[in-house]
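By convention in this document, chain letters (A, B, ...) are assigned in the order of the sequence lines, proteins followed by strands, and residues within each chain are numbered from 1.
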Number of protein chains: 2
Amino acid sequence: MKYIEKLRNSGLRPTKQRLQICEVLFDTEKTFHFTINELDQKIKDKINNKISLATIYNTVHAFEKKGYLKQIPVNSNQTYFDTNITDHHHFYNLKDGKLIDLENSDVGPINIKRKIDGKKIKSIEVLVKLED
Amino acid sequence: MKYIEKLRNSGLRPTKQRLQICEVLFDTEKTFHFTINELDQKIKDKINNKISLATIYNTVHAFEKKGYLKQIPVNSNQTYFDTNITDHHHFYNLKDGKLIDLENSDVGPINIKRKIDGKKIKSIEVLVKLED
DNA sequence: CAGTTTTTTAGAACCATTATAAACTGCAAT
DNA sequence: ATTGCAGTTTATAATGGTTCTAAAAAACTG
């Protein structure tokens with residue numbers, strides 16, 4: 001199983017649940033955006049046994065902390081995550097709440113001229129809201 | 001009262017509560033960021049009578065819809081609003097959850113090269129996360 | 001003022017997320 | 001293998017921000 005090493009190297013025990021969640025999240029050609037509920041549904045579809053919601057929350061947060069997932073800053077009642085952890089941005093379709101990846105090359109370099117004392121920049125994220 | 005016209009022109013009846021909320025939001029030198037709970041507290045501090053939480057939510061959403069307030073896309077359990085409705089961006093201090101305005105001139109022009117059919121860009125927002 | 005519509009309000013409801021505490025599992029040491 | 005223990009999972013309860021509800025109050029119109 002290819003995710004066992006990955007998990008071990010992060011200090012996460014390769015449990016059955018984590019491995020199954022890895023399959024759902026990372027065994028795909030394309031990266032994707034999801035909410036916890038959408039992931040829960042995806043897991044139910046792909047896997048026979050069910051995984052407790054609490055475990056899904058725990059695992060997603062653990063993976064985020066390890067850098068295998070990113071949270072997307074959008075105003076919604078649910079939290080959106082992204083399996084695409086490369087530096088990139090998002091279109092946000094206000095009509096249906098869907099996100100579309102915007103590659104860095106589609107935005108061009110962003111140069112933050114102002115500095116905040118004692119702080120360093122962790123990430124720069126651009127959200128482009130779309131309407132009809 | 002200077003906000004009566006503003007409200008009437010937006011199709012909002014100038015009620016006592018709305019006018020008081022206007023005072024708290026717009027009678028300041030500087031613009032500011034707030035959550036509903038922070039606004040509730042500010043209202044309690046400045047005004048004698050109390051305004052129901054439901055009214056505060058209703059009013060803030062009405063003002064946002066009319067363009068007098070903006071929601072700030074940040075991942076938090078609470079929704080952040082901004083009385084600064086000019087085109088601008090934000091630093092987000094991960095340590096304490098505080099926002100700092102980033103003027104457009106501090107970021108430089110952002111050129112979105114990709115287009116989505118049938119959609120137009122409503123806003124472009126940059127969030128710069130800060131860590132120690 | 002009378003009638004109508006909008007707004008406010010307290011409280012209930014909603015629902016995503018987090019906390020709890022008991023059962024279970026992975027794994028290192030024996 | 002077996003044991004012991006820290007790390008995980010689980011169902012369920014709790015939390016807390018936000019929205020809903022329905023009745024009372026206020027604003028507007030004629």
Side-chain angles (χ1 to χ4, degrees), chain A residues 1 3-25 33-44 47-66 68-69 71-81 97, chain B residues 1 3-25 33-44 47-66 68-69 71-81 97:
Chain A
M1 190 65 92
Y3 299 113
I4 292 181
E5 274 308 299
K6 177 174 178 169
L7 290 173
R8 278 230 183 76
N9 292 340
S10 316
L12 298 172
R13 284 191 182 170
T15 64
K16 185 177 60 159
Q17 290 86 345
R18 284 178 178 156
L19 291 170
Q20 290 179 331
I21 293 174
C22 277
E23 283 177 44
V24 174
L25 291 178
H33 310 118
F34 65 94
T35 64
I36 296 290
N37 279 323
E38 288 166 356
L39 177 58
D40 186 33
Q41 196 52 57
K42 241 183 174 121
I43 289 168
K44 286 196 187 101
I47 311 282
N48 294 336
N49 60 32
K50 85 180 284 300
I51 297 180
S52 164
L53 242 196
T55 300
I56 298 177
Y57 274 99
N58 287 342
T59 303
V60 165
H61 287 141
F63 286 3
E64 191 211 353
K65 190 169 292 177
K66 297 301 180 184
Y68 303 144
L69 292 172
Q71 261 193 256
I72 305 171
V74 180
N75 288 121
S76 162
N77 55 331
Q78 286 164 261
T79 304
Y80 280 82
F81 294 90
Chain B
M1 189 68 91
Y3 297 113
I4 291 181
E5 274 308 299
K6 175 173 181 170
L7 289 173
R8 278 232 181 74
N9 292 339
S10 317
L12 297 172
R13 287 185 180 173
T15 63
K16 185 176 62 160
Q17 290 84 347
R18 284 177 179 160
L19 291 170
Q20 290 179 330
I21 293 175
C22 276
E23 285 177 44
V24 174
L25 290 178
H33 311 118
F34 66 91
T35 64
I36 296 290
N37 279 324
E38 288 166 357
L39 177 58
D40 187 35
Q41 197 50 58
K42 241 180 173 123
I43 290 168
K44 287 199 188 99
I47 311 282
N48 293 336
N49 60 33
K50 87 181 281 299
I51 297 179
S52 163
L53 241 197
T55 300
I56 298 177
Y57 273 100
N58 288 341
T59 302
V60 165
H61 286 140
F63 285 4
E64 192 210 353
K65 191 170 291 176
K66 297 300 179 183
Y68 304 144
L69 291 173
Q71 261 191 255
I72 305 171
V74 180
N75 288 121
S76 161
N77 56 329
Q78 286 163 261
T79 305
Y80 279 81
F81 294 90

* Which atom names give the shortest non-hydrogen contact between Phe34(A) and Glu38(A), and what distance separates them? -> CA-OE1, 3.3 Å
* Could you tell me the separation between the CD atom of Gln71(B) and the P atom of dG17(D), rounded to a whole number of Å? => 16 Å
* To do: Rounded off to whole Å, could you give me the CG-to-C1' distance for the Asn75(A) and dG17(D) pair?
  => 14 Å
* **First encountered from the 5' end of DNA chain D, between Ser52(A) and Asn77(B)** => Ser52(A)
* Span of DNA chain C, from the first to the last nucleotide whose atoms fall under 4.0 Å of chain B heavy atoms -> dT5(C) to dA10(C)
* What integer distance in Å separates Ile56(B):CD1 from dT18(D):C1'? -> 13 Å
* Should Arg18(A) be listed as having a side-chain N or O under 4.0 Å from OP1 or OP2 of dT8(D)? -> yes
* Find the distance Leu7(B):CG to dA26(D):P and express it as a whole number of Å. => 18 Å
* Asked: Which pair of heavy atoms, one from Leu7(A) and one from Arg13(A), lies closest together, and at what distance?
  -> CD1-O, 4.5 Å
* To do: State, to 0.1 Å, how close Pro14(B) and Ile4(B) come at their nearest heavy-atom pair, and which atoms those are.
  => CG-CG2, 4.0 Å
* Do the side-chain N or O atoms of Arg8(B) get closer than 4.0 angstrom to the phosphate oxygens (OP1, OP2) of dC28(D)? -> yes
* Identify whether any heavy atom of Thr15(B) sits under 4.0 Å from a base atom; if not, whether one sits that close to sugar-phosphate; answer base, sugar-phosphate or nothing. => sugar-phosphate
* Asked: Could you give the CG-to-C1' distance, from Leu12(A) to dA6(D), as a whole number of Å?
  -> 14 Å
* Least distance between heavy atoms, Gly97(B) atom then Tyr80(B) atom -> O-OH, 3.2 Å
* Asked: In whole angstrom, what separates Arg13(A)'s CZ from dT9(D)'s P?
  -> 10 Å
* **Full working for side chain to side chain contact (heavy atoms under 4.5 Å, CB included) between Phe63(A) and Ile21(A)** => CA-CA 10 Å; Phe63(A) 286 3; Ile21(A) 293 174; 4.2 Å; yes
* Ignoring backbone atoms, establish whether Thr55(A) has a side-chain N or O less than 4.0 Å from OP1 or OP2 of dT8(D). => no
* Pick the nucleotide of DNA chain D nearest each of Asn37(B) and Ile51(A); which residue has the one closer to the 5' end? -> Ile51(A)
* Tyr57(B) OH - dT18(D) C1' separation (whole Å) -> 5 Å
* To do: Give Thr35(B) one of three labels, base, sugar-phosphate or nothing, depending on what nucleic acid heavy atoms sit under 4.0 Å from its own.
  => nothing
* Would you check, one step at a time, whether the test side chain to side chain contact (heavy atoms under 4.5 Å, CB included) holds for Thr59(A) with Thr15(A)? => CA-CA 11 Å; Thr59(A) 303; Thr15(A) 64; over 6 Å; no
* To do: Measure from the side-chain heavy atoms of Pro14(B) and tell me the nearest of dT18(D), dT8(D), dC28(D).
  => dC28(D)
* Asked: Expressed in angstrom and rounded to an integer, what is the separation of Asp40(B) atom CG from dT19(D) atom C1'?
  -> 16 Å
* Structure fact -> Ranking dT19(D), dT8(D), dC20(D) by distance to the side chain of Ala54(B), first place goes to dC20(D)
* Criterion side chain to side chain contact (heavy atoms under 4.5 Å, CB included) on Phe81(B) and His61(B), from CA distance to verdict -> CA-CA 10 Å; Phe81(B) 294 90; His61(B) 286 140; 4.3 Å; yes
